[in-house]
Structures are given as C-alpha cells and as structure tokens.
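Working notes for the structure below.
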Amino acid sequence: MWKWTQINHLRLIILDCDSLKQEYIDFPYHQYLPDIEIVKINPQSQDQNIEIKYFMEDILKDMRCQSYETILISGNMSYLKEIMTVHIGTLLIGHIQQKDLKYMPDFVIDSIDLLADVLLGQNKGYSGEVLAFENKKGSLLSCQTEIVADDGKRYLTELYFGGRYYPEKHQYLLDDPLSFMILKFKHVYVDIMDTFFDEAIIEIRKKEIIDALTYIPPKPQDIEKKRFQRFLSLKLERNAQDGLMLKDLLSCQCDFSQKGNDLAERRQTVKGVFRVNGDVKGKNIILIDDVFSSGSTMLEAMKTLYEAGANKVIALAIAVSQMTESPLTYQKLVCSHCQEPMELVYYRKTHKLLFGCPHYSSHPDQKSIMSLRLGLFCLKKKNRLYYENYEYDEYGVPIIYS
C-alpha cells in the first residue's frame, strides 16, 4: 500500500528518466488517468548541493500539487531511498535485492503490464499491509538469497514478505496498522496474521511443491517463562485441509539477543544455535517468522535445515523491519474532544482498528474516534511535504529568514 500517497487523489507522476526504459517513459498514462500531470526528471544531472527535499518542493510548487497526490517511478533503488524520506509515494521498476529490503518502496513491479493496475488502485499492495488495513488480498514481495553452508556449498532460494514493519524507534510506529498488529501478535492470537500466513503459503505452493512447514523456534527462556507461542496459535485452515501443518522441525539450543548488535555481530551470535528435529532430507520446506530484521536469524535457520539435507528452504515473514528516516517533523492526529494525541486502538466490539485518544471510551460522543481509513488519510495530509516560496543562495540552497 502507499505509505504517504492517497492513490484516489493522484494528480502527479514524476518519472526518473535516467533509470527507466523508454516504454515506461512513453507509457500512455493519460489513457488511464486523463487529468494526470507528468514531470520528467534526470536525477544524475541534478545539482548535488540541492537537497532532495527542496528539489521536490519546487516540483510540487510548480505543479500546484501536494506530496500525498504524487508518486515517483524509478528503476534506481538508491534514488527511491531519498524520495521516501520526504513522504512521496515510490514505485520501483525491477527487482528488489536483499540489501535494499530495509528501504522497501510502496510498490515493486517487473513488467509494464502491471503498471496500470498499480496506478488505478487495482493492485492493492503487499498482502500483510492490505489485510491489516482492510480484509482483502494483496501480493507478496519476493527476492532471492544465497545460503552458504559451512562446507562451502551454496543454495539459491527465495524470501517472501507481506509488507513493512516500523520498529519502536520510528515515531509513526503506532500509526501503522501492520506494525500495530505484529506487536499484538507477540502476545495473543491475531486472526489477520493467521489469514496472512495461510494465504501466503497457498500462493507459494502454486509455484513450489512444499513438503513441510516450520517456524523460527522459541528460545529456552521463552519456553521456561511460558511466554505466548504465536506460531503454535496459527490454524492455517486452508493448508491443513491438504494435511500441511506447522511442525517443530527446529529447536533453539541456547538464549541469545540481537539488540544493539551490528550485522557481523548478529551473524556470529546466532551461529550454531539451531538444531534440526527429525528427518528433513530431500524435503522442500517453508520457514516462517514474523519480522525479518537483519536476516541473520532466518538465514542461520535456513542454513541449518540445508545442512541437515533439505532440498529447498523458502523463507516467509510477515514484514521487513524498515530503516527509512525522515527530516520532516511527524504530526499525530489530535482528539477533537480533549486535544490528546490519537493512536491506533483495537476496537473489540467490531474487531477493527480505529484511531482514538487514551480516553476515547469515556468521551460523550463518537467524534473522539476516527475510522482507520479516514485517520490514515488525515495523517498523510498532516505529514505532507510542505512547500514555501524560498529565496536561494548562489549554491541553490534555500535561505530561511528567522
């Protein structure tokens, strides 16, 4: 789904002509969106002294558009990383690589045949995000990865994801539906997470013959303290009808923590912590987890299964932890009754997410709550890239007078 763009208000498409094939530049955008404005840019020839924020502000000002009415299409992942920071929708043409997973654009497509569906809102986006927002199907993001066993043997396989997860350091964590539901899933059964895994596994099985399903096992301390085992709560009803159910093919031999570790430390910390339970020789296995962060834990578990004789191990996670940061000050919704900040809450009566302040249930009317759809739209408007009329110095840098 679009993080910062309201697709039904789309007015401006910016094309990165340096990275796009001619077919995307010549695409008949007006045939599908008659009133759309098209701006073609060449980032490689941009003045490097001008920050991306000011460059985009100028485009929006000239076109009289807001950032939530805008998307940028590019084949250059590095450039899209910059665009994400200023709250403009991003569409990558091509394939995302594992090193870029922490900066996932709103959409990734590898064929021009898919472009119209994205622009018209018929392609809803990543499946986990779509399910958390509304009970509809979405698509899985995938990328390839290589597992290297201790004996040097290499295995090429796939990673699948249902969306983006914003860690607690992100100021908008509690305003992101999927992140909110993933946090909830750490403590109680969440039907949306069950539906996600069930549907995602079905989609993968359309491409691969799968013999077994398993999960990242709990640490010994989690078992000892009888913490909620989220994966064991899953029913996976559609797959269960075919006799495919989650099995504990892995166990964790010792406790470990990845907090505060860099990538090298994370890889070393998990080395050898998993053990295979039972015979996995020659089997094709889907390994599930909730959040893919650095990937160290997931990749070590996959390596363990390969070294035990598995034929193919495919990873499936609800979401990838994101690192995109923004220079824009984030503004939360405010309750109209008490002026307290509003956050996502799970409304038990309807089993749906809504926005409310900490005291919403005691307020005398319903004006103190806001639907998920309306709330997210209001957040996009409040956190738009705001442009002003600047004066510039000789280097093209805006002069802001106090």
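- Side-chain atoms of Asp18 and Tyr79 form no donor-acceptor pair, as typed in the model, at a separation below 3.5 Å.
- When atom types are taken as modelled, the side chain of Asn284 and the backbone of Asp211 share no donor-acceptor pair closer than 3.5 angstrom.
- Taking every heavy atom of both residues into account, Gly162 and Tyr126 meet most closely at O-CB, 3.2 Å.
- The cationic atom of Lys184 (NZ for Lys, CZ for Arg) lies less than 6.0 Å from the six-membered ring centre of Tyr346 and within 45° of the ring axis.
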message: Apply side-chain contact (heavy atoms from CB on, under 4.5 Å) to residues Ser139 and Asn123 and explain how you reach the verdict.
response: CA-CA 8 Å; Ser139 55; Asn123 181 335; 4.0 Å; yes
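- The backbone N or O of Leu236 lies less than 3.5 Å from a partner atom in the side chain of Asp194, making a donor-acceptor pair.
- A cation-pi arrangement, defined by a distance under 6.0 Å to the six-membered ring centre and an angle within 45 degrees of its axis, is present between Lys3 and Tyr166.
- When atom types are taken as modelled, the side chain of Glu300 and the backbone of Gly272 share a donor-acceptor pair closer than 3.5 angstrom.
- A donor-acceptor contact shorter than 3.5 Å is absent between the side chain of Asp289 and the backbone of Ile216.
- Between the Glu129 side chain and the Leu178 main chain, no donor and acceptor come within less than 3.5 Å of each other.
- Residue Glu146 qualifies as enclosed at atom CD: its count of foreign heavy atoms under 6.0 Å is above 12.
- Because its NZ or CZ atom is both nearer than 6.0 Å to the ring centre of Tyr103 and within 45° of the ring axis, Lys81 counts as a cation-pi partner of that residue.
- By the 4.5 Å heavy-atom criterion applied to side chains, Lys312 and Leu305 are not counted as neighbours.
- Side-chain atoms of Arg205 and Asp242, non-hydrogen and from C-beta on, do get closer than 4.5 Å to each other.
- Interatomic distance, CD1 of Ile13 versus CD1 of Ile36, reported as 4.5 Å (0.5 Å rounding).
- The side-chain heavy atoms of Asn76 and Asp16, taken from C-beta on, include a pair separated by under 4.5 Å.
- With Thr90 contributing its side chain and Met84 its backbone, the two residues share no donor-acceptor pair below 3.5 Å.
- The neighbour count for Lys186 NZ, taken as heavy atoms of other residues, nucleotides or ligands under 6.0 Å away, is above 12.
- The number of heavy-atom neighbours closer than 6.0 Å to CG of Leu156, taken from other residues, nucleotides and ligands shown, is above 12.
- The backbone N or O of Met1 sits nowhere less than 3.5 Å from a side-chain atom of Lys124 that would complete a donor-acceptor pair.
- In this pair, Phe231 and Tyr215 present their aromatic rings tilted. The plane angle is within the 30 to 60° band.
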message: What verdict does the side-chain contact (heavy atoms from CB on, under 4.5 Å) test give for His95 and Asp110, after you've listed the backbone C-alpha separation in whole Å, the side-chain angles of each residue and the deciding distance to 0.1 Å?
response: CA-CA 6 Å; His95 299 277; Asp110 60 2; 3.2 Å; yes
query: Going through the distances and angles, do Arg11 and Glu37 end up as a salt bridge (Lys or Arg N to Asp or Glu O under 4.0 Å)?
result: CA-CA 6 Å; Arg11 294 180 54 213; Glu37 298 284 352; over 6 Å; no
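- Annotation for Leu372 and Pro177: closest pair CD1-CG, 3.8 Å, computed over non-hydrogen atoms.
- A distance of 11.5 Å separates CD in Glu69 from CD1 in Ile7, rounded to the nearest 0.5 Å.
- Counting heavy atoms from C-beta outward, Leu141 and Leu101 have side chains that approach closer than 4.5 Å.
- Proximity of Tyr360 to Tyr347: side-chain heavy atoms (C-beta onward) are separated by under 4.5 Å at one or more points.
- The closest donor-acceptor contact from the side chain of Tyr306 to the backbone of Val313 lies under 3.5 Å.
- Using a 4.5 Å heavy-atom threshold, the side chains of Ser233 and Phe228 count as touching.
- Remark: the backbone N or O of Ser45 is not paired with any side-chain donor or acceptor of Asn42 at under 3.5 angstrom.
- A 6.0 Å sphere centred on NZ of Lys382 holds more than 12 heavy atoms belonging to other residues, nucleotides or ligands.
- Between Gln253 and Val273, every side-chain heavy-atom pair lies at or beyond the 4.5 Å cut-off.
- Looking only at distances, no side-chain donor or acceptor of Thr85 sits under 3.5 Å from a matching main-chain atom of Ser326.
- Between Glu307 and Lys303 a salt bridge is recorded (basic side-chain N to carboxylate O distance below 4.0 Å).
- Atoms CH2 and CG, from Trp2 and Leu91 in turn, are 5.0 Å apart once rounded to the nearest 0.5 Å.
- Closest non-hydrogen pair, Ala317 versus Phe196, comes out as O-CZ, 3.7 Å.
- Note: Gln221 CD to Cys254 SG = 10.5 Å, rounded to the nearest 0.5 Å.
- Residues passing the salt bridge (charged side-chain N to carboxylate O under 4.0 Å, His left out) test with Lys137, sequence neighbours excluded: Glu199.
- Considering only residues two or more places apart in sequence or on other chains, Arg384 meets the salt bridge (charged side-chain N to carboxylate O under 4.0 Å, His left out) condition with none of them.
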query: salt bridge (Lys or Arg N to Asp or Glu O under 4.0 Å) between Asp106 and Arg164: does it pass, once the steps are laid out?
result: CA-CA 9 Å; Asp106 295 309; Arg164 295 161 289 190; 2.9 Å; yes
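- Between Leu249 and Val280, the shortest heavy-atom contact is CD1-CG1, 4.2 Å.
- Distance check, rounded to the nearest 0.5 Å: CD of Glu208 to CD of Glu158 gives 5.5 Å.
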message: Let's go through His363 and Cys335 carefully: what are the C-alpha distance in whole Å and the side-chain angles of both, what is the deciding distance for side-chain contact (heavy atoms from CB on, under 4.5 Å) to 0.1 Å, and is it a yes or a no?
response: CA-CA 10 Å; His363 289 335; Cys335 176; 3.7 Å; yes
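- Here the closest heavy-atom approach between residue Leu33 and residue Leu10 is recorded as CD1-CD2, 3.9 Å.
- With a 6.0 Å cutoff to the six-membered ring centre and a 45° limit on the axis angle, Lys235 counts as a cation-pi contact of Tyr189.
- The distance from the OH atom of Tyr24 to the SG atom of Cys17 is 14.0 Å, given to the nearest 0.5 Å.
- No side-chain heavy atom of Thr70 sits less than 4.5 Å from a side-chain heavy atom of Thr5.
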message: Would Arg227 and Asp222 count as a salt bridge (Lys or Arg N to Asp or Glu O under 4.0 Å) here? Give the steps.
response: CA-CA 5 Å; Arg227 288 175 176 158; Asp222 295 332; 2.5 Å; yes
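- In this structure, the ring of Tyr32 has its center less than 6.0 angstrom from the ring center of Phe27.
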- request: Please report the C-alpha distance between Ile210 and Asn239 in whole Å, then the side-chain angles of each, then the deciding distance to 0.1 Å, and finally whether the side-chain contact (heavy atoms from CB on, under 4.5 Å) criterion is met.
  value: CA-CA 11 Å; Ile210 301 299; Asn239 288 280; over 6 Å; no
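- Minimum interatomic distance between Met342 and Phe355 (heavy atoms only, all atoms of both residues): CE-O, 3.3 Å.
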field: salt bridge (Lys or Arg N to Asp or Glu O under 4.0 Å) evaluation trace for Lys271 with Asp150
entry: CA-CA 10 Å; Lys271 191 171 180 60; Asp150 288 342; 3.4 Å; yes
